[in-house]
Number of protein chains: 2
Amino acid sequence: MKVSSRGEYALRALLVLARNRGEEMMPLSGISEQILVPAPYLEQILLRLKQHGYVKSKRGSNGGYTLRVRPKDVVIGEVVRQLEGPLAPMGCVSLTAYEACPLEEGCLLKPLWALVRDTVAHVLDRTTLEDLLTGKLPENRC
Amino acid sequence: MKVSSRGEYALRALLVLARNRGEEMMPLSGISEQILVPAPYLEQILLRLKQHGYVKSKRGSNGGYTLRVRPKDVVIGEVVRQLEGPLAPMGCVSLTAYEACPLEEGCLLKPLWALVRDTVAHVLDRTTLEDLLTGKLPENRC
DNA sequence: ACCTTTCCGAGTATTTTGGTCGGGTTCGGA
DNA sequence: TCCGAACCCGACCAAAATACTCGGAAAGGT
């Protein structure tokens with residue numbers, strides 16, 4: 001049930017960029033220092049964040065990365081899905097990457113896994129980058 | 001965020017044994033057939049279930065496995081923790097296997113991971129083997 | 001005795017994870 | 001125009017976890 005380092009690092013990077021919003025672009029090295037992630041690895045991750053439209057970049061000196069969208073529009077659940085794969089604990093209940101299972105019909109576990117998937121998604125899909133910055137989690141908002 | 005096969009198989013086995021309750025002992029081969037898990041692998045898992053007190057066994061002919069405790073007393077969250085490790089998505093918010101992190105203080109992600117841990121635990125620790133058998137999940141009970 | 005069945009430690013192939021590396025491209029400035 | 005800063009991007013790699021298999025030893029029943 002762990003979340004891997006890729007997802008964690010991606011969110012850390014997005015948080016740094018969100019705080020830096022409005023300023024000039026931030027180079028890889030700058031982000032890397034702040035979040036304690038090896039620069040070459042972080043580069044891979046930023047590339048994917050860029051491909052998914054969260055981030056834009058500029059090359060050359062004074063180049064770097066910056067947020068492309070408003071923190072309010074970055075849904076944490078989506079970021080995690082795109083960097084880690086489905087939130088569902090088992091393939092048989094995944095909406096985004098369903099995998100069949102021979103025991104599936106009549107399986108007494110399936111409803112449980114579906115419930116777990118829903119509760120996790122309920123949290124992560126209702127949290128945005130802005131919420132993280134301001135410390136407003138779903139619980140507090142209800 | 002996946003649950004591994006060990007946990008899944010353990011729960012499948014417990015469900016089979018729970019349905020068989022009161023009857024004679026069920027041999028490895030019988031369980032293995034019903035839940036479609038390779039017998040030697042399942043054996044490992046049953047051994048761990050036994051060590052944790054969920055199951056008892058008898059050797060020799062007419063031997064096999066049987067549930068040691070009432071299905072009502074088997075908490076799914078505990079089974080998962082014992083076979084898969086902590087429910088927390090990150091070491092820094094794990095109650096059962098805490099791991100320090102250099103960014104920890106002031107980390108904006110920590111509260112989110114703690115919330116995820118709590119919501120997952122809220123579901124799995126409120127569900128018992130009996131609930132699975134009767135299809136009564138936490139959602140339905142509230 | 002002998003067969004059945006669990007016990008249990010060791011080995012192993014595959015996949016995932018968490019990176020590194022090297023060369024290319026693009027930009028800005030001297 | 002040349003140089004260095006910075007991103008782009010595919011390939012590679014080592015360690016760990018996963019999902020098993022195997023080979024005996026021990027115990028129970030007949």
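Keep in mind that this is a model prediction, so the values were computed, not measured. Protein chains get the first letters and strands the later ones, always in sequence-line order, with residue 1 at the start of each.
Side-chain contact, A:R126 with A:H122: a donor N or O sits under 3.5 Å from an acceptor N or O. With no hydrogens or angles considered, no side-chain donor-acceptor pair links A:K72 and A:T128 at under 3.5 Å.
Of the residues in residues 38-52 of chain B, those lying under 4.0 Å from DNA chain D by heavy-atom distance are B:P38, B:P40, B:Y41, B:Q44.
Under 4.0 angstrom from either OP1 or OP2 of D:dA19 there lies at least one side-chain N or O belonging to B:S5.
Put simply, CD on B:E84 is 12 Å from C1' on D:dA19, counting in whole angstrom units. Rounding to whole angstrom units, CG of residue B:L83 and C1' of D:dA17 are separated by 15 Å. Atom CE in B:M25 sits about 12 Å away from atom P in D:dG28, given to the nearest Å. Computed from coordinates, the A:L17 CG to D:dC7 C1' distance equals 14 Å when rounded to whole Å. Here the P atom of nucleotide D:dA19 and the OH atom of B:Y9 are 7 Å apart, to the nearest Å.
Here the side chain of B:E84 pairs a donor or acceptor atom with the backbone of B:G7 at under 3.5 angstrom. Within the 3.5 Å criterion, the main-chain N or O of B:V37 finds a donor-acceptor partner in the side chain of B:S32. Although no hydrogens or angles enter the test, the distance criterion places no donor-acceptor pair under 3.5 Å between the side chain of A:R117 and the main chain of A:P89. Distance alone, capped at 3.5 Å, is enough to place a donor-acceptor pair between the A:R6 side chain and the A:L83 backbone.
Summary of the strand contacts: A:K58 and A:V37 both lie near DNA chain C, and taking for each the nucleotide with the nearest heavy atom, the more 5' one is attributed to A:V37. Each of A:V3 and A:N62 has a nearest nucleotide on DNA chain C; the 5'-most of these lies closest to A:V3. Along DNA chain D, the nucleotide nearest A:P27 and the nucleotide nearest B:R6 are compared for position; the residue whose nucleotide lies closer to the 5' end is A:P27.
Every residue two or more places apart in sequence or in another chain that forms a side-chain hydrogen bond (donor to acceptor under 3.5 Å, both in side chains) with B:K110 is listed here: B:E104.
A salt bridge links A:D125 with A:R81: the closest approach of a Lys/Arg side-chain nitrogen to an acidic carboxylate oxygen falls below 4.0 angstrom.
Checking D:dG29, D:dC8, D:dA5 against every side-chain atom of A:S57, the shortest atom distance belongs to D:dC8.
The cluster map of Ile, Leu, Val, Met, Phe, Trp and Tyr, joined by side-chain heavy atoms under 4.5 Å apart, puts A:V16 and A:V69 in the same cluster.
Contacts between chain A and DNA chain C, taken as any atom within less than 4.0 angstrom of a protein heavy atom, begin and end at C:dG18 to C:dG28.
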